[in-house]
Novice: 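Before I ask anything, let me first share the structure, which is written out below as C-alpha cells.
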Amino acid sequence: MPYVTTADGAEIYYKDWGDPGAQPIVFHHGWPLSSDDWDAQMLYFLAKGYRVIASDRRGHGRSSQIGTGHDMDHYASDASAVAEHLDLRNAVHIGHSTGGGQVARYVARHGEPQGRVAKAVLVAAVPPIMVQSESNPEGTPREVFDGFRSALAANRSEFFRAVAAGPFYGFNREGATLSEPVVENWWRQGMMGGALAHYEGIRAFSETDQTDDLRAISVPVLVLQGDDDQVVPYQDAAVKQHELLRNSTLKIYEGLPHGMLTTHAEVLNPDILAFIQE
C-alpha cells in the first residue's frame, strides 16, 4: 500500500486514482474516520475525468498510530507531505468537518504559498473555532467536548455507534430511516484508528482557532453546510467562514445533516463539480 513518511516518523496512507495528468482533487476526511468516507465522491469525480487522492489522517484508518502530533498543525503538514510527494499542482482540496479545518490550515500555510492550490471546498467544516468562549459566545460549551472525551475513554466502540446512529446522519430525527450499513461503515472506519489519536483529536477540532487561516486564503472557496447539522452548528461555522474568507460562495442546505456527503451525495456532488468547473 502507498505511504508517505513524515518528518516526525508518521506513516500516512493515501489513495491515488486516475490519470496522473488530470486535475487532482484531494479529499480530507472527518473525525474519527478515514479516506473510505469519500467513496461516493472519489468514484463520482474519477468518472468525470479527475485524478482523486485521499489520505488517512495520522492515527486514523491505515496510517500509523503514532503517539504524537494530533493537532491541526501536524494534520496540515501531513497533507502537505502527501501533496509534495505526489507533486500535486492546480489541486482542489475538499474537507469535511475536521477535514475542513485541515484544508484551511493546509491551504493557508502550505498549499497557497507553494502555488499548489486552485480552489477549496469546506463541507460542514469546523473553522473558525467550535468551543464556546468569551470571544466566541455562540460556540459549543466545553462541557460537550469533555463529554465526548469521557464517553470515548469509557467505551469507544459504544460511543462511535451512538454518534453514527444518532446526530451525525440525523438518524435521530423524527421520521428518519436509520441505515444500518451506513452506521456500521462509520463504526468500522472509526475503530480502525487509534484511541489516542481520536481522544486528542477532539481538542484539535474543537479548540483550534483558524480565524487567521480563513483570512489568509485567497483562492475561491465553496462553503457548504446543512441547517440541521447537529454536530457543527452552521451559524457558528459556515456562516462565519463565508464572512472571513476573501473569495467564497456559501450554500446552506435546508434540513440536511452533518454527514450529508453520504446521505445526500447525489445533491452535493453535482454542486461541487459545478464549482470546480467554473
Side-chain angles (χ1 to χ4, degrees), residues 1-4 11-31 33-57 60-63 75 78-100 102-104 106-107 110-111 114-125 169 179 181-182 184-186 188-189 192-193 219-225 249 251 253 256 258-278:
M1 292 192 292
Y3 285 87
V4 170
E11 297 284 336
I12 305 298
Y13 167 82
Y14 67 90
K15 305 174 186 180
D16 181 8
W17 304 343
D19 181 353
Q23 184 178 16
I25 302 177
V26 186
F27 298 91
H28 305 250
H29 66 80
W31 176 97
L33 304 173
S34 74
S35 56
D36 292 353
D37 204 45
W38 291 105
D39 286 354
Q41 285 70 44
M42 292 186 72
L43 292 173
Y44 176 87
F45 287 100
L46 180 67
K48 299 295 182 182
Y50 292 91
R51 178 184 181 184
V52 293
I53 299 103
S55 60
D56 292 353
R57 187 170 299 118
H60 295 61
R62 288 142 293 207
S63 291
Y75 297 167
D78 293 350
S80 185
V82 174
E84 292 174 49
H85 175 71
L86 299 175
D87 194 24
L88 302 179
R89 304 280 178 179
N90 193 37
V92 179
H93 286 262
I94 304 177
H96 174 242
S97 196
T98 301
Q102 181 172 307
V103 165
Y106 164 75
V107 172
H110 303 276
Q114 295 171 0
R116 295 184 179 276
V117 180
K119 295 181 178 181
V121 182
L122 302 180
V123 184
Y169 296 111
S179 170
V182 167
E184 290 170 4
N185 190 43
W186 200 98
R188 173 191 68 85
Q189 291 180 70
M192 285 172 66
V219 298
V221 182
L222 176 63
V223 177
L224 306 175
Q225 194 160 7
T249 301
K251 184 163 187 177
Y253 297 90
L256 296 198
H258 188 64
M260 61 186 181
L261 282 162
T262 297
T263 60
H264 295 81
E266 76 285 356
V267 175
L268 271 73
N269 288 354
D271 286 350
I272 295 172
L273 176 64
F275 169 73
I276 292 172
Q277 293 180 336
E278 285 178 356

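We count residues from 1, following the sequence as given.
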Novice: So, using side chain to side chain contact (heavy atoms under 4.5 Å, CB included) as the criterion, who are the partners of Q277 when residues are at least two apart?
Specialist: Y50, L273
Novice: Can you list everything that forms a side-chain hydrogen bond (donor to acceptor under 3.5 Å, both in side chains) with H264? Sequence neighbours excluded, please.
Specialist: none
Novice: So do L86 and Y14 actually touch side chain to side chain, heavy atoms under 4.5 Å?
Specialist: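 Result yes, sub-4.5 Å side-chain heavy-atom pair found.
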Novice: Taking the side chain as every heavy atom from C-beta outward, state whether H110 and R116 have any atom pair closer than 4.5 Å.
Specialist: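 Answer no - side chains too far apart.
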Novice: Nearest 0.5 Å, what's the NZ-CG distance between K251 and L222?
Specialist: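 Result: 8.5 Å between the selected atoms.
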Novice: Closest heavy-atom contact between A120 and F275?
Specialist: O-CE2, 3.4 Å
Novice: Give me the atom names and distance for the closest heavy-atom approach of A83 to Y106.
Specialist: CB-OH, 3.5 Å
Novice: Do S80 and Q114 have side chains that approach each other closer than 4.5 Å (heavy atoms only, starting at C-beta)?
Specialist: yes
Novice: Report the C-alpha distance between E84 and V4 in whole Å, list the side-chain angles of each, state the deciding distance to 0.1 Å, and finish with yes or no for side-chain contact (heavy atoms from CB on, under 4.5 Å).
Specialist: CA-CA 10 Å; E84 292 174 49; V4 170; over 6 Å; no
Novice: Determine yes or no for a side-chain-to-main-chain donor-acceptor pair under 3.5 angstrom, with H60 supplying the side chain and S55 the backbone.
Specialist: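 Answer holds: no.
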Novice: So D271 and Y253, side-chain contact (heavy atoms from CB on, under 4.5 Å) or not? Walk me through it.
Specialist: CA-CA 11 Å; D271 286 350; Y253 297 90; 2.7 Å; yes
Novice: Inspect the contact between D56 and K15 and indicate whether a charged nitrogen and a carboxylate oxygen are less than 4.0 angstrom apart.
Specialist: no
Novice: Heavy atoms, side chains only, cut-off 4.5 Å: are L43 and W17 in contact?
Specialist: yes
Novice: Spell out, as yes or no, whether a donor-acceptor pair under 3.5 Å connects the side chain of Q41 to the backbone of L261.
Specialist: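 Between the backbone of L261 and the side chain of Q41 there is a qualifying donor-acceptor contact (under 3.5 Å).
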Novice: Test of understanding: with ring pair (Phe, Tyr, Trp, His ring centres under 6.0 Å), list the residues that count as partners of F45, not counting sequence neighbours.
Specialist: none
Novice: Run the numbers on L268 and L256 for side-chain contact (heavy atoms from CB on, under 4.5 Å), then give the verdict.
Specialist: CA-CA 11 Å; L268 271 73; L256 296 198; 4.2 Å; yes
Novice: Set out, in order, the CA-CA distance, both residues' side-chain angles and the distance that settles side-chain contact (heavy atoms from CB on, under 4.5 Å) for V219 and K119, then state yes or no.
Specialist: CA-CA 5 Å; V219 298; K119 295 181 178 181; 5.5 Å; no
Novice: So, using side chain to side chain contact (heavy atoms under 4.5 Å, CB included) as the criterion, who are the partners of N90 when residues are at least two apart?
Specialist: Q23, A118
Novice: If we ignore hydrogens and angles and just use 3.5 Å, is the side chain of Q102 paired with the main-chain N or O of A79 as donor and acceptor?
Specialist: no
Novice: Tell me the closest heavy-atom pair linking V82 and I12, and the distance in Å.
Specialist: CG2-CG2, 4.0 Å
Novice: Check R57 against W31 and note the closest heavy-atom contact, atom names and distance.
Specialist: NH1-N, 4.2 Å
Novice: Apply side chain to side chain contact (heavy atoms under 4.5 Å, CB included) to A125 and list each qualifying residue two or more places apart in sequence or on a separate chain.
Specialist: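 Listed in chain order: L122, P127, Q241.
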Novice: Could you state the interatomic distance from CD1 (I25) to NE2 (H93), rounded to the nearest 0.5 Å?
Specialist: 10.5 Å
Novice: Answer yes or no: is there a donor N or O on one side and an acceptor on the other, between the side chain of S63 and the main chain of Y13, under 3.5 Å?
Specialist: yes
Novice: Looking only at heavy atoms, what is the nearest atom pair of A22 and G49, with distance?
Specialist: CB-O, 3.3 Å
Novice: Once you round to the nearest 0.5 Å, how far does NE2 of H258 lie from OH of Y169?
Specialist: 9.0 Å
Novice: Sequence neighbours left out, what passes ring pair (Phe, Tyr, Trp, His ring centres under 6.0 Å) with Y75? Give chain and number order.
Specialist: none
Novice: Which atoms form the tightest heavy-atom contact between A40 and A265, and what is the distance?
Specialist: CB-CB, 4.0 Å
Novice: If we check side chain to side chain donor-acceptor pair (under 3.5 Å) with D36, which of these qualifies: Q189, R62, H29?
Specialist: R62
